[in-house]
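Let me begin by presenting the structure, written as structure tokens, before commenting on it.
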Number of protein chains: 2
Amino acid sequence: MPLWVQLADELRSAIRDGRLRHRLPSEPELRDAYGVSRATVREAIRQLRTEGYLDARQGRGTFVVPKRQFEGYHQQRFSLAARLADVGKEVASVLAIERREDERAAARLGLEERSFVVVRRLRGVEGEVVALEEASVVVPEGEALLGSPIHQGSIYEVLEAAGVHVTAGIDEVSAVSADPVVAELLGGAEGRALILVERRTFAGARPVEYRRTLLQPDRMHFVAQWGRTDGEAL
Amino acid sequence: MPLWVQLADELRSAIRDGRLRHRLPSEPELRDAYGVSRATVREAIRQLRTEGYLDARQGRGTFVVPKRQFEGYHQQRFSLAARLADVGKEVASVLAIERREDERAAARLGLEERSFVVVRRLRGVEGEVVALEEASVVVPEGEALLGSPIHQGSIYEVLEAAGVHVTAGIDEVSAVSADPVVAELLGGAEGRALILVERRTFAGARPVEYRRTLLQPDRMHFVAQWGRTDGEAL
DNA sequence: GAGTGGTCTAGACCACCGG
DNA sequence: CGGTGGTCTAGACCACTCG
């Protein structure tokens, strides 16, 4: 492993554990502490800046970026909808989890098999309902979900534990009007504009999931950042 | 201007003009050609890599990334809304282009100055109206737009030609209901769900544009791809 | 083996910020 | 003013790619 990667790993861990807070030691201090050149220190810091952990200001120092609820797209591992999956202190109430036919999911995933394990959940953050989600997972992979307590956790964690490694996905973001049932569940007015995220998930080349998520636009929306703004934009 | 910025500008122009294609001269060659150190060359190349212009491969060389019409989100230079900006054979009809106050744009961009050049356009693809867009560009940068024919082209191209280099931005995607005016313009029903994209654009650290785009969900939506699917997914 | 980009060093000067 | 990060130099060795 390159030195700067090791150093970056070291610093990242320290930040995540809370051992590093507020301000980072200066570059010369880090150079001496780790016995490397300043360029190596800077390379590590550069990496952590692009990952969103650090923010450097000329003349002032390098600072740990406080954790945010809503982070930029480019920092997310699973991008777009990870916004939902990873948002902290989130609670999901499972409305239904069953095995059934799902024509639409089969069509979207390009599969002949129409039997899926379907999980329907309401998702909330800080006591507010923000999303209604229906995930259709292919069989047999999805069967691991039938006996699992996924009220809190991620479907992907359950799949991972069952040996299904989600590697990629496609999200399509659109907008729809709330029908009466959805309006009731999400606590909004009928006909109101909602964000719709359709997701197709893959394990290697195999499609494993089709997911529809309906979001309250005033509770949550998607943020995408592109390019660089000298750390000021967010 | 730092040397590496000048060099990056130089190379970027060369790429856009087509003077640089396929493969870049090697780092030692660039170092000698421009009379700088290799670190400076690498810094410039690093910048253009993050901007999506270049791709470097150890042992092989540094290559100009070919322009693509439709790409997954993660490969996009300007990501999300680039889908709109770059969609082929697109036509925009300019409803208004004027200099005026825009409180909201000023607030969103965090500027005291409230005077903007505001461009309001309807955008269509293949004869169908798909989007209504209002871009508020800061002055004095935006003044270049006042005399420009932007019916076809991109606002960013005009800005670029005027020496304003857009380097970054943030898109926020949400959903709203169509009000009567918007419904009329977009040819849909009042109250219908539309996709709203709010964009903040930056040239370096300076905010240069606030843009609101309303999209017909059945005509166009956003696609984001994450991870890898052995090239099959899209 | 020659050439490429990736990493690393030890120095230097600068612009900027705070006390 | 001293300390910070930003820039820049002139070297060096390495892993990798390709003919």
Side-chain angles (χ1 to χ4, degrees), chain A residues 1-12 14-15 20-66 227-234, chain B residues 1-12 14-15 20-66 75 110 165 167-168 202-206:
Chain A
M1 278 296 220
L3 266 180
W4 69 265
V5 172
Q6 298 174 39
L7 178 52
D9 289 346
E10 182 93 8
L11 294 174
R12 193 188 302 103
I15 293 168
L20 255 183
R21 259 165 303 186
H22 317 305
R23 187 174 161 170
L24 214 66
S26 76
E27 293 176 357
E29 281 168 0
L30 287 170
R31 175 197 60 195
D32 298 339
Y34 289 92
V36 298
S37 74
R38 191 174 153 218
T40 302
V41 169
R42 283 180 64 77
E43 189 63 39
I45 288 176
R46 184 203 307 274
Q47 174 62 26
L48 296 178
R49 286 171 69 173
T50 73
E51 289 179 18
Y53 287 100
L54 294 178
D55 183 25
R57 305 298 183 90
Q58 179 169 147
R60 297 188 52 196
T62 304
F63 301 86
V64 175
V65 173
R228 313 226 102 259
T229 54
D230 304 335
E232 295 292 343
L234 268 183
Chain B
M1 277 297 219
L3 266 180
W4 69 265
V5 172
Q6 299 174 38
L7 178 51
D9 287 347
E10 183 93 8
L11 295 174
R12 192 187 303 103
I15 292 168
L20 256 182
R21 260 166 302 188
H22 316 304
R23 184 172 164 174
L24 215 66
S26 75
E27 293 177 357
E29 282 167 1
L30 288 170
R31 176 197 59 195
D32 298 339
Y34 290 91
V36 297
S37 74
R38 191 174 153 218
T40 302
V41 170
R42 282 181 64 77
E43 189 63 37
I45 289 176
R46 185 203 306 274
Q47 174 62 26
L48 296 178
R49 287 171 68 173
T50 74
E51 290 180 17
Y53 287 102
L54 294 177
D55 182 25
R57 304 298 183 89
Q58 179 170 141
R60 299 188 52 197
T62 303
F63 302 86
V64 175
V65 174
Q75 298 166 351
H165 303 291
T167 57
F202 300 82
R206 170 156 170 80

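Below, read A as the first sequence line, B as the second, and so on, with proteins coming before strands; counting in each chain starts at 1.
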* Asked: Do I15(B) and L54(B) pass the side-chain contact (heavy atoms from CB on, under 4.5 Å) test, and can you show the C-alpha distance, the side-chain angles, and the key distance before you say yes or no?
  -> CA-CA 9 Å; I15(B) 292 168; L54(B) 294 177; 3.8 Å; yes
Under-3.5 Å N/O pairs linking protein and nucleotides 11-14 of chain C:
{"unit_1": "dA12(C)", "atom_1": "N6", "unit_2": "R38(A)", "atom_2": "NH1", "d": "3.1"}

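- Shown here are the salt bridge (charged side-chain N to carboxylate O under 4.0 Å, His left out) partners of R60(A), two or more places apart in sequence or in another chain: there are none.
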Check: residues 30-37 of chain A side-chain donor-acceptor pairs under 3.5 Å, at least two apart:
{"unit_1": "S37(A)", "atom_1": "OG", "unit_2": "A39(A)", "atom_2": "N", "d": "3.4"}
{"unit_1": "S37(A)", "atom_1": "OG", "unit_2": "T40(A)", "atom_2": "N", "d": "3.4"}
{"unit_1": "S37(A)", "atom_1": "OG", "unit_2": "T40(A)", "atom_2": "OG1", "d": "3.2"}

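- Listed pair T40(A) / dT9(C) meets the phosphate criterion, a side-chain N or O lying under 4.0 Å from OP1 or OP2.
- Residues forming a side-chain contact (heavy atoms from CB on, under 4.5 Å) with R21(A) (at least two apart in sequence, or on another chain): none.
- Going from atom CZ of R60(B) over to atom C1' of dC16(D) covers 11 Å, rounded to whole Å.
- Residue R46(B) places no side-chain N or O under 4.0 Å from the OP1 or OP2 atom of dT7(D).
- Atoms CG (L3(B)) and C1' (dA15(C)) sit 15 Å apart, rounded to a whole Å.
- If you take CZ of R31(A) and P of dG3(D), they are 13 Å apart, rounded to a whole angstrom.
- Within the nucleic acid shown, R57(B) comes within 4.0 Å of sugar-phosphate atoms alone, with no base atom in reach, counting heavy atoms only.
- The side-chain contact (heavy atoms from CB on, under 4.5 Å) check on Q58(A) picks up nothing, with sequence neighbours excluded.
- When side chains are defined from C-beta on, D55(A) does not count as touching V64(A), because their heavy atoms never get closer than 4.5 Å.
- Formation of a donor-acceptor pair under 3.5 Å by the Q47(A) side chain with backbone atoms of A44(A) is not found in this model.
- Of the listed nucleotides (dG6(D), dT4(C), dT9(D)), dT9(D) has the atom at the smallest distance from the side chain of S37(B).
- Among residues two or more places apart in sequence or in another chain, the side chain to side chain donor-acceptor pair (under 3.5 Å) test is passed with E27(B) by R38(B), R42(B).
- An end-to-end axis angle of 10° holds for the helix from dG1(C)-dC18(D) to dG18(C)-dC1(D), taken from five base pairs per end and rounded to 10°.
- Against DNA chain C, the stretch residues 20-27 of chain B makes heavy-atom approaches under 4.0 Å through R23(B), S26(B), E27(B).
- Judged as a side-chain contact (heavy atoms from CB on, under 4.5 Å), and not counting sequence neighbours, the contacts of R23(B) are F63(B).
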* To do: Kindly indicate, with the supporting measurements, whether the criterion side-chain contact (heavy atoms from CB on, under 4.5 Å) is fulfilled by L7(A) and L11(A).
  => CA-CA 6 Å; L7(A) 178 52; L11(A) 294 174; 4.1 Å; yes
